[in-house]
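Chain identifiers are assigned alphabetically (A, B, ...) following the order of the sequence lines, protein sequences preceding nucleic acid strands; residue numbering begins at 1 within each chain. Bear in mind the structure is a predicted one, so any value in this text is a computation, not a measurement.
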2 protein chains.
Amino acid sequence: MKIGQLAKRSGFSAHTIRYYERIGLLPRAHRDQSGQRDYDASILVWVEFLSRLKTIGMPIRDMQRYAKLRESGPSTETERRELLERHRQRVQAHVAELQDCLLVLDTKIAGYARLEQRVKKHVTQTTRKRKSTGARYARPV
Amino acid sequence: MKIGQLAKRSGFSAHTIRYYERIGLLPRAHRDQSGQRDYDASILVWVEFLSRLKTIGMPIRDMQRYAKLRESGPSTETERRELLERHRQRVQAHVAELQDCLLVLDTKIAGYARLEQRVKKHVTQTTRKRKSTGARYARPV
DNA sequence: CTACGGGTTAGAGCATGCTCTAGGTCAAGC
DNA sequence: GCTTGACCTAGAGCATGCTCTAACCCGTAG
């Protein structure tokens with residue numbers, strides 16, 4: 001598999017794949033007789049794992065550390081687990097924070113929606129005497 | 001309230017607060033007789049909202065747009081709601097993706113943990129004949 | 001009166017993570 | 001033989017979001 005193929009299958013651009021190789025996230029790929037990278041399908045497992053680490057926002061430094069440990073063989077497995085666990089903690093905290101903010105956001109969105117309802121109502125009732133339009137809902141920030 | 005106070009209360013650095021004013025995220029603060037920013041406590045509501053938008057990863061461009069709309073008065077409320085809703089969608093999708101990746105990560109961490117258990121067992125049983133240590137668990141990536 | 005702990009500005013610099021360019025090689029199809 | 005498209009390397013450049021510097025100004029305590 002050449003780099004273009006890997007790019008399509010992995011979602012990373014060829015540029016990014018070369019960059020990842022340069023910085024040690026990907027092992028130096030085997031080259032064919034004309035010097036082009038030639039990947040074994042087995043690289044996909046690692047690339048997809050990297051993709052997940054990226055999704056959960058692991059800094060490249062940590063990925064580099066992980067990649068290095070991985071290349072050092074099974075004796076580094078405890079350290080790898082610890083690295084992943086530390087990041088999992090961070091991500092879980094972040095998700096909790098996001099959900100917290102989402103609640104606040106929903107409240108604000110609902111506030112705007114209510115304002116819009118009031119405006120609509122006002123327009124349709126504009127010829128009648130309205131009973132109560134007091135500030136039942138605070139105007140959002 | 002001076003900028004240092006606002007910094008402490010908001011969690012943004014004074015540098016960042018000035019930067020936010022420069023780019024229009026914060027309204028130009030009133031200055032006292034000696035030219036120093038003098039904030040009214042009411043700014044905190046907005047600053048904390050900005051902080052939430054930042055937490056949920058809204059790009060500064062969008063925050064700028066929101067701030068501008070906010071300063072243009074109530075007629076922009078629908079647009080503000082739409083802006084928030086669009087971002088909420090993105091965040092929800094992102095949270096789902098994170099949780100997805102966390103599941104995979106947990107599986108991998110559990111895999112490492114099992115390997116470590118096997119090693120321990122092996123060490124304690126090292127003088128006895130072990131019954132089955134076949135590859136019941138795949139070695140993680 | 002002077003030192004200190006704040007504040008001011010404009011603008012430079014930095015960390016992260018790519019992304020692109022320049023100038024070249026190679027293999028296949030017309 | 002020549003074009004085309006995909007690849008190569010080294011290194012420059014870019015987008016985002018701050019963060020810091022230089023050089024200066026105040027007000028207050030000792």
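With respect to the salt-bridge test (charged N to carboxylate O, under 4.0 angstrom), the residues Arg81(A) and Glu85(A) qualify.
As a whole-Å value, the separation of Asp32(A) CG from dA6(D) P is 16 Å. In this entry the distance linking CG of Asp38(A) with P of dA27(C) reads 13 Å, nearest Å. When rounded to the nearest whole Å, the span between CG of Leu6(A) and P of dC8(D) equals 11 Å. When rounded to the nearest whole Å, the span between CZ of Arg28(B) and P of dT8(C) equals 10 Å. For Lys2(A) and dT25(C), the NZ to C1' distance is 12 Å, given to the nearest whole Å.
Remark: Tyr39(A) engages no residue in a ring-ring contact (aromatic ring centres under 6.0 Å, His included) (not counting sequence neighbours). Applying the ring-ring contact (aromatic ring centres under 6.0 Å, His included) rule to Tyr19(B) yields no partners; only residues at least two apart in sequence or on another chain are considered. For Thr55(B), the side-chain contact (heavy atoms from CB on, under 4.5 Å) test picks out Glu97(A), Cys101(A), with sequence neighbours left out. Applying the salt bridge (Lys or Arg N to Asp or Glu O under 4.0 Å) rule to Asp100(B) yields no partners; only residues at least two apart in sequence or on another chain are considered. Here Ser51(A) pairs with Phe12(A) under the side-chain contact (heavy atoms from CB on, under 4.5 Å) rule; sequence neighbours left out. Among residues two or more places apart in sequence or in another chain, the salt bridge (Lys or Arg N to Asp or Glu O under 4.0 Å) test is passed with Glu82(A) by none. With sequence neighbours excluded, the residues satisfying salt bridge (Lys or Arg N to Asp or Glu O under 4.0 Å) with Arg88(B) are Asp106(A).
Listed by first and then second residue, the salt bridge (charged side-chain N to carboxylate O under 4.0 Å, His left out) pairs that reach into residues 36-47 of chain A are Glu21(A)-Arg37(A), sequence neighbours excluded. Pairs passing the salt bridge (charged side-chain N to carboxylate O under 4.0 Å, His left out) check and including a residue from residues 49-68 of chain B, sequence neighbours excluded, read Asp62(B)-Arg90(B), Arg65(B)-Glu79(B).
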When every nucleotide of nucleotides 25-30 of chain D is labelled 5' to 3' by its protein contacts under 4.0 Å (heavy atoms), B for base, S for sugar-phosphate only, - for none, what sequence of letters results?
-SS---

Per-nucleotide protein contact string for nucleotides 12-20 of chain D (B base, S sugar-phosphate only, - none; heavy atom under 4.0 Å)
----SBBBB

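With rounding to the nearest 0.5 angstrom, the CZ atom of Arg9(B) is 13.0 Å from the CD1 atom of Ile43(B).
Arg18(A) comes within 4.0 angstrom of a base, heavy atoms only.
Note that the two end axes of the helix from dC1(C)-dG30(D) to dC30(C)-dG1(D) enclose an angle of 20°, each drawn from 5 base pairs, rounded to 10 degrees.
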